[in-house]
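Inspection log for the structure reproduced underneath, given as structure tokens.
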Amino acid sequence: MKRESRATDLLNLALDPSAPLSLQHQLRQKLINAIHRGVLRPGQRLPSSRLLASRIGVSRNTVSLAYDALLAEGHLASRSRSGIYVAATPSGIRLGRAQRQLAADSPLAIRLPPAPMEDGGFRCPQHWHRYPFPFIDGRADAELTPLSEWSEAIRLAGSRHEVMQWPLESGDVDDPMLIEEMRGKVLPMRGVDAGADELLITLSSRHALQIAGELLVRKGTPLLLEHPADPEFERRMRERQADVRMLDPALAEPLPAGAVVVTSGRHGSAADSAYPRQLLARVVAADGLLIEHDVPAGVQDGGRVAPALRGFDHEGRVVYVGGLAPAATCGEPPGVLVGPAAFIERARQLRRSQGTTPPRVLQRAWGYFIGLGHYSAGLVRAGRILAERRTALRDALNHYLHERVSIETFPGASAYWVSMPDGVDARELARQAAAIGVLVEPMRRGDGREAICMGVTGISSARIREGVRNLSRLIRGDLSAASRRIEEEAVPFLQGKALRRAMAGATLLYSTVYGEPCTLEIRTNGDLVGVAGYAGEDCDQGHWWLEGDRWYRQWREWAYGEAAGYTVVIDGGQVRFYGEDGFLVDAAVLTRPPTVRRRE
């Protein structure tokens with residue numbers, strides 16, 4: 001009994017009823033973590049299901065189901081008339097904990113190539129959906145996500161019949177179902193006709209663009225980019241020492257000999273536009289090639305979108321890069337590369353050497369998703385929603401910012417490009433906007449003007465007007481920087497129970513001093529959970545408490561693990577922290593997580 005009680009003391013587990021995972025799955029994860037960290041040692045007896053259920057506040061059935069699953073997987077072992085123990089050789093246990101950072105003089109660190117040069121491009125925060133006003137194009141919210149349809153496609157792709165075929169389908173050939181669905185239902189929407197040997201499936205459309213660039217661009221190759229261009233692609237091409245330039249939209253001058261032109265895939269609102277033929281004529285005259293990076297339409301626009309340039313190509317000079325519309329799919333959809341068969345075979349070899357062939361089961365799931373009509377239905381549904389949102393964004397921009405900015409878009413787009421007034425730094429504006437809960441993507445136009453991209457795929461119509469209003473106040477200077485001293489605050493600081501109510505259960509979103517996003521969860525039980533970095537690579541835990549009218553926090557590792565107290569002011573959706581000396585220390589966006597129904 002003493003050993004069982006000690007194991008129960010070690011398993012001081014906290015399960016979150018509001019988490020997406022069921023309580024049973026959370027318990028399984030925490031038991032596995034305890035085994036791998038050495039908290040539960042091989043051969044150690046676990047508490048009975050009744051005792052553990054009573055300790056952590058769940059039903060006995062929840063604990064029994066978790067134990068049964070771990071017994072079946074070999075993590076635990078059952079002994080007759082004795083109980084349940086940690087297996088003598090737990091499955092997949094780690095030999096030791098790796099160091100978080102490489103020592104500067106380690107062989108790996110010495111032989112690593114130089115870090116890539118920062119391109120200064122925009123990177124979306126990991127928790128973008130928690131911001132009140134996320135105007136980030138291509139990030140789809142729950143209203144657009146076809147969860148039930150995607151679940152059906154995954155279930156069919158993972159059926160017993162399909163799984164039995166996996167060992168028989170080796171090699172790097174793409175899934176024939178997905179190839180046929182792309183050929184028959186997706187590419188014809190853009191006027192692209194291609195044979196089965198002229199298609200390659202990639203992890204994403206950006207992946208397809210990178211493959212095309214690596215095959216066609218060499219040192220010194222004149223590379224002409226039509227705005228807007230992909231920042232990561234441009235950076236990689238500069239690293240290859242290509243002669244990167246901007247494409248003259250007027251096509252007033254001949255193209256350099258052997259030039260590779262990269263276009264955005266949108267060339268006007270009518271199928272008889274003269275621009276595609278003029279551009280192709282310039283490419284032919286320069287004996288060049290063209291990569292058409294087609295951004296799938298998010299808004300159905302009455303068929304007024306011009307066909308892809310590949311449809312006008314009769315000399316094999318156009319490589320088409322496309323994919324599915326993110327607003328009508330679930331997660332990042334696969335990309336597709338279309339070109340002559342010989343080019344596609346070289347691209348397939350490059351994909352194989354990179355180890356980036358999309359898994360067959362996911363390809364088959366996307367095949368089912370398209371084949372069952374979910375993609376086409378999703379396009380219609382998303383198009384209707386996005387058209388309403390884009391109208392709301394256009395009206396809000398016209399109402400609040402018509403005297404200060406100019407906006408432009410292209411048919412089928414789900415975003416507006418907003419040119420800034422002279423003297424406004426788009427990156428600094430985006431940083432300040434994020435501090436008040438407005439996410440926008442800064443960019444620089446081909447003519448050198450500062451601009452921001454504002455999309456509507458991740459924000460509801462009801463939130464658009466308020467978000468644009470807050471952005472306009474920031475641009476006009478009405479939302480000046482917060483007071484530097486607490487005495488200058490127009491908003492009173494929080495005290496006592498009001499301070500606890502405001503902070504307990506809240507989530508804070510802000511940027512670190514080195515410019516990366518950070519998310520802090522202030523849990524009601526006094527725990528703190530912090531995640532920093534674009535990939536959530538920097539994590540820490542701690543605790544918080546109140547002393548009088550001050551909010552205190554202490555991390556295990558961050559801020560040297562020292563306790564610090566703050567006076568807190570909440571102004572709308574922003575929280576401001578003032579130190580003991582009365583000066584402003586930091587500011588963050590204050591949100592609360594959505595309520596999730598409890599499951600066991």
Side-chain angles (χ1 to χ4, degrees), residues 16-22 25-26 123-155 204 295-300 323-334 362 365-366 368-370 372-393 396 413-415 434 437-441 453-468 470 505-509 517 519 521 531 534-536 573 589-599:
D16 184 2
S18 65
L21 277 181
S22 68
H25 284 88
Q26 290 184 57
R123 296 179 67 184
C124 183
Q126 181 185 18
H127 295 145
W128 64 269
H129 55 283
R130 293 186 176 181
Y131 284 76
F133 311 106
F135 290 102
I136 303 298
D137 194 39
R139 305 285 178 164
D141 62 3
E143 187 180 8
L144 293 175
T145 305
L147 292 178
S148 60
E149 293 87 345
W150 178 244
S151 296
E152 181 184 26
I154 285 287
R155 178 176 57 81
S204 65
V295 180
V299 181
Q300 299 300 301
L324 305 180
T329 56
C330 192
E332 184 166 22
L362 288 181
W366 284 112
Y368 276 119
F369 185 80
I370 301 169
L372 293 173
H374 297 325
Y375 178 63
S376 57
L379 276 179
V380 175
R381 178 173 170 272
R384 181 180 66 254
I385 295 172
L386 294 181
E388 175 186 338
R389 293 180 183 180
R390 193 171 73 160
T391 299
L393 177 58
S414 53
V438 181
L439 280 184
V440 295
E441 180 177 354
C453 177
M454 299 184 67
V456 294
T457 58
I459 183 171
S460 66
S461 297
R463 305 289 294 167
I464 289 175
R465 179 173 179 175
E466 184 181 357
V468 174
N470 290 347
T507 298
L508 303 183
L509 309 171
T519 301
E521 295 182 13
V531 179
Y534 290 98
V589 177
L590 181 70
T591 68
R592 292 191 178 273
T595 301
V596 180
R597 187 178 62 178
R598 176 173 179 167
R599 295 177 297 166

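Side-chain atoms of Glu521 do not come within 3.5 Å of backbone N or O of Ala506 as any donor-acceptor pair. No side-chain donor-acceptor contact under 3.5 Å links Thr457 to the backbone of Ala327. At distances below 3.5 Å, not a single donor-acceptor pair connects side-chain atoms of Tyr131 with backbone N or O atoms of Thr591. One N or O on the side chain of Arg389 and one on the backbone of Val456 form a donor-acceptor pair closer than 3.5 Å. Side chain of Gln26 to backbone of Asp16: a donor-acceptor contact under 3.5 angstrom is found.
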Exercise for the section: Decide yes or no on side chain to side chain contact (heavy atoms under 4.5 Å, CB included) for Asn470 and Glu466, but give the supporting numbers first. Expected result: CA-CA 6 Å; Asn470 290 347; Glu466 184 181 357; 4.2 Å; yes
Exercise for the section: For the pair Val589 and Leu508, evaluate side chain to side chain contact (heavy atoms under 4.5 Å, CB included) and give the outcome as yes or no after the intermediate values. Expected result: CA-CA 6 Å; Val589 177; Leu508 303 183; over 6 Å; no
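Tested against Pro125 for a side chain to side chain contact (heavy atoms under 4.5 Å, CB included), the candidates Thr519, Leu439, Leu509, Ile136 yield a single pass: Leu439.
When every heavy atom of Asp141 is checked against every heavy atom of Ser460, the shortest pair comes out as OD2-N, 4.2 Å. The shortest non-hydrogen separation linking Asp137 to Ser414 is OD1-OG, 2.6 Å. Pairing each heavy atom of Pro326 with each of Ala140, the nearest pair is O-CB, 4.3 Å. The two residues Ala328 and Leu379 have their closest heavy-atom pair at CB-N, 3.6 Å. Contact between Pro146 and Thr329 at its shortest, heavy atoms only, is CD-O, 3.1 Å. Taking every heavy atom of both residues into account, Met454 and Leu393 meet most closely at O-CD2, 3.5 Å.
Taking 4.5 Å as the limit, some side-chain heavy atom of Phe135 sits within range of a side-chain heavy atom of Ile464. Side-chain contact between Arg463 and Pro132: present, with at least one pair of heavy atoms (C-beta onward) separated by less than 4.5 Å. The shortest side-chain heavy-atom distance between Leu147 and Cys330 falls under the 4.5 Å cut-off.
Salt-bridge formation is not detected for the pair Arg381/Glu149: no Lys NZ or Arg NE/NH1/NH2 atom is positioned less than 4.0 Å from an Asp or Glu carboxylate oxygen.
Between Trp150 and Trp366, the angle of the ring planes lies from 30° to 60°, which puts this pair in the tilted group.
Here the straight-line distance linking atom CZ of Arg123 with atom CD of Glu441 works out to 13.0 Å at 0.5 Å rounding. Rounded to the nearest 0.5 angstrom, Leu386 CG and Leu144 CG are separated by 5.0 Å.
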